[in-house]
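Input: a single structure, listed below in structure tokens.
None of these values were measured; they are calculated from a predicted model. So that the names make sense, note that chain A is the first sequence line, chain B the second, and so on, each numbered from 1. Just the heavy atoms: all of them, side chains too, but no hydrogens, waters or symmetry mates, feed the values below.
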Amino acid sequence: MPVQLYDTHSRSLRPLEAETEQALRFYCCGPTVYGPAHIGNFRTFLLQDTLRRVLEVDGQPVHHVRNLTDVDDKTIKGAMQAGLTLQDFTRQWTEKFHADCTALNCLPPHDEPSAVEHIPQQIALIEQLIEQGHAYATDEGSVYFRVSSFENYGSLSRLKERELKPQSKNSAGQRNDADEYEREAVSDFVLWKQRKPEDGENFWKSPWGEGRPGWHLECSAMIESSFKGATLDLHGGGVDLCFPHHENEIAQSECAHGRPLCKHWFHSAHLMVDGAKMSKSLGNLYTLDDLRAKGFSPMALRYALIAGSYRQQLNFTIETLHAAQSALAKLERFATTLLDKAGQKTSDLKAYIQASDPKLTGRFASAWEALGNNLNTSAALGALFGVVGSNPAPSLNESEARDTLSAFGALLYALGLSLFTEQVAKANTPDDIQALAQERWEAKQSKDYARADSLRKTLLQKGWLIKDSVDSYQVEPNDGQT
RNA sequence: GGCGCGGUAGCCAAGUGGUAAGGCCGAGGACUGCAAAUCCUUUAUCGUCGGUUCGAUUCCGACCCGCGCCUCCA
């Protein structure tokens, strides 16, 4: 049964199907590489990755393309401030983005086009739009899209039902393009921006003079070149991109090419932090490294970010991460019992985590059903823990245990969860603490419990916790993992 | 003002016209010299008020509250 997914355009649940024998054409608006991505960005990318994985396990191949925005106001400004060329500046942040994605177990897209590498395609697209009367150049050397020339403008976000009145400020409180009085209409958006002094050396030659492409244009151009002129099956992004970005993409692409840009729109809701929108001023904007520094693993973050369903705003807190970490540990225990039964080692689990041969019926059927029903990751995890809670391992023989591992592994693949990955870095234990701990251990070994307990108490007062096992002990900071 | 999404246990969060998954935390118990870990048990009537219905948390209406977008944003 094909995966069902809510489509923003038709506002309905629809099956996600590619043309026969074709990979599903899936395009995602990628990051602007001017700094480290924050966890809100990653929620969207993680959800897209999860959807792709679900489709693959379901037997639907996907051609996944996600662009890099490596030219815009922020990248140019960042490069100038850093005293780097735009290319060097964006390269370092692209590498950081890739490293973070890898840590979060995101499959790399099959194609990752960059805006800078598609300047000629963007210029050609503009020329085409001008020729067709959908765009116009101004005396100053900018080019705008003529919104009034596209009858269906606004269909994705129901713009006709909105009051499209000019505003003097946008929601960030900034003036709206004060210098763009030259536009025919306020709703017209820029395709080509004339060169400005603050752009430095970051400009390209064009038929309209030196300048650079507008943001919306790059996606239209890259989609066209990555998918060789075919209509997309699926296009994804955060809800905020719905308008104007995706609306403008539709206008540009459909006017230029005379065919639908995309059949199905996938928008994920925003991540909130501590009940509020993330922002630097509130101090609640986290990057992956911020959370690592607090001792959380990337996998815990992945779990936390996919634990809520994608159409719902997810409220992220540090407590959420604790919960994720504990939940992951529980899955690892479950895996261990199954591996034992199957006569295999922890390291053998990897072989089971794959998209092929899902065998997702039986025990994990309801988890799988949830994923196929509008990517309900939350319900899927619930169903998974239903199985974990009634741990079937003890009653299985070796071959049954292996089958269960296959099904479990396919589910882990779909969710993008890997187990037994990295150990959370433990803080270094100071020598004096180490010495006290050793002293306590020796006291315990000689059954001097009074002394052992007293030393335990001393260590606890100093903020360190002793955890014994049969023949060894560990010392950990007793600060609740944060 | 326009468009959209929500309000479910201490926290996070699914879901259904017939009295509500799951995770975390907490509590109790088992185990342990004591702890830790682990295991078992345990914690809700679903924002408010009406309506429809044999029956609503689930459908309809009104209201209250929170959040997002309205050309910066994943």
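Between A/His322 and A/Phe296, the gap from one ring centroid to the other is short of 6.0 Å. Ring pair A/His216/A/Phe189: centre-to-centre distance below 6.0 Å.
Take the nearest nucleotide of RNA chain B for A/Gly237 and for A/Ala276: the residue whose nucleotide is more 5' is A/Ala276. Position along RNA chain B of the nearest nucleotide to A/Gly389 versus A/Ala324 favours A/Ala324 as the more 5'-ward residue.
Between B/U53 and B/C60, the distance separating the two C1' atoms is 12 Å to the nearest Å. Nucleotides B/C11 and B/A37 have their C1' atoms positioned 24 Å apart, rounded to a whole Å. Distance check on atom P: B/U57 versus B/U48 gives 10 Å, rounded to whole Å. Here the separation of B/A36 from B/A74, taken at their C1' atoms, is 41 Å to the nearest Å. Remark: the separation of the P atoms in B/U41 and B/G68 is 41 Å, to the nearest Å. The separation of B/U71 from B/G15, taken at their C1' atoms, amounts to 37 Å, rounded to a whole angstrom. Comparing B/U16 with B/C39, their P atoms are spaced 31 Å from each other, to the whole Å. Between B/G22 and B/U43, the two C1' atoms lie 15 Å apart (nearest whole Å).
Ranking B/G68, B/A36, B/C70 by closeness to the A/His270 side chain, first place goes to B/G68. Comparing B/C70, B/A35, B/C5 by their nearest atom to the side chain of A/Gln312 picks out B/C5. Checked against B/A74, B/G68, B/C34, the side chain of A/Val239 finds its nearest nucleotide in B/G68.
Within the structure, every side-chain polar atom (N or O) of A/Arg158 is placed at least 4.0 Å from both OP1 and OP2 of B/C70. In this model, the phosphate group of B/A35 is not approached by any side-chain N or O of A/Lys444 to a distance below 4.0 Å at OP1 or OP2. For the pair A/Ser326 and B/C24, the criterion of a side-chain N or O lying under 4.0 Å from OP1 or OP2 is not met. At the phosphate of B/G15, OP1 or OP2 sits under 4.0 Å from a side-chain N or O atom of A/Asn376. Residue A/Arg11 has a polar side-chain atom (N or O) positioned under 4.0 Å from OP1 or OP2 of B/G4. For B/C69, the OP1/OP2 oxygens have a side-chain nitrogen or oxygen of A/Lys277 closer than 4.0 Å. Of the side-chain N and O atoms in A/Arg311, none sit less than 4.0 angstrom from OP1 or OP2 of B/C5.
Distance CE (A/Met299) to P (B/G23): 20 Å, rounded to an integer number of Å. If you measure from atom OH of A/Tyr27 to atom P of B/A74, you get 12 Å, rounded to the nearest angstrom. Atom-to-atom, CG of A/Asp240 to P of B/G4 comes out at 18 Å; the value is rounded to the nearest Å. Regarding A/Gln445, its CD atom lies at a distance of 14 Å from the C1' atom of B/C34, rounded to whole Å. Rounded to whole Å, the distance from NE2 on A/His9 to P on B/G4 is 14 Å. Here the C1' atom of nucleotide B/U8 and the CD atom of A/Gln313 are 17 Å apart, to the nearest Å. Between the CD atom of A/Gln325 and the P atom of B/C11 there is a distance of 22 Å, rounded to whole Å. In this structure, A/Arg183 places its CZ atom 11 Å from P of B/U71, rounding to the nearest Å.
Heavy atoms of A/Ser378 sit under 4.0 angstrom from at least one base atom. In this structure, A/Asn315 reaches the sugar-phosphate backbone alone: every heavy-atom distance under 4.0 Å involves primed, P, OP1 or OP2 atoms, never a base. Across all strands shown, A/Gly40 has heavy atoms under 4.0 Å from base atoms, whether or not it also approaches the sugar-phosphate. When heavy atoms are screened at a 4.0 angstrom cut-off, A/Leu314 is found touching the sugar-phosphate backbone but no base atom. A/Glu247 comes within 4.0 angstrom of nothing in the nucleic acid, heavy atoms only. Here A/Thr317 lies out of heavy-atom contact (under 4.0 Å) with every strand. Residue-level contact check: A/His38 touches the bases, meaning some heavy atom is under 4.0 Å from a base atom.
Cation-pi geometry between A/Arg66 and A/Phe45 is met: under 6.0 angstrom from the ring centre, within 45 degrees of the axis. Relative to the ring axis of A/Tyr6, A/Arg311 places its NZ or CZ within 45° and under 6.0 Å from the centre.
Both stacking criteria are satisfied for A/Tyr449 over the base of B/G33: a centre-to-centre distance under 5.5 angstrom and an angle between ring planes under 30 degrees.
Base pairing of B/C59: its partner is B/G51, meeting the Watson-Crick or G-U wobble criterion (both donor-acceptor distances under 3.5 Å). Using Watson-Crick or G-U wobble geometry with both donor-acceptor distances under 3.5 Å, B/G22 finds its partner in B/C12. Across all strands shown, B/A30 is found opposite B/U38 as a Watson-Crick or G-U wobble partner, with both distances under 3.5 Å. Checking B/U43 for Watson-Crick or G-U wobble geometry (two distances, each under 3.5 Å) identifies no partner in any strand. Pair check for B/C69 finds B/G2; Watson-Crick or G-U wobble, both atom distances under 3.5 Å.
Under 3.5 Å, the side chains of A/Glu218 and A/Asn67 contain a donor-acceptor pair of N or O atoms. A donor and an acceptor atom, one from each side chain of A/Ser226 and A/Arg25, are nowhere located under 3.5 Å apart.
Between the side chain of A/Arg456 and the base of B/A35, at least one donor-acceptor pair of N or O atoms lies under 3.5 Å.
In this structure, the side chains of A/Asp70 and A/Trp93 stay at 4.5 Å or more apart for every pair of heavy atoms. Between A/Ser268 and A/Arg43 the shortest side-chain heavy-atom distance does not fall below 4.5 Å.
One finds a salt bridge joining A/Lys96 and A/Asp100 here, because a Lys/Arg side-chain nitrogen approaches an Asp/Glu carboxylate oxygen to under 4.0 Å.
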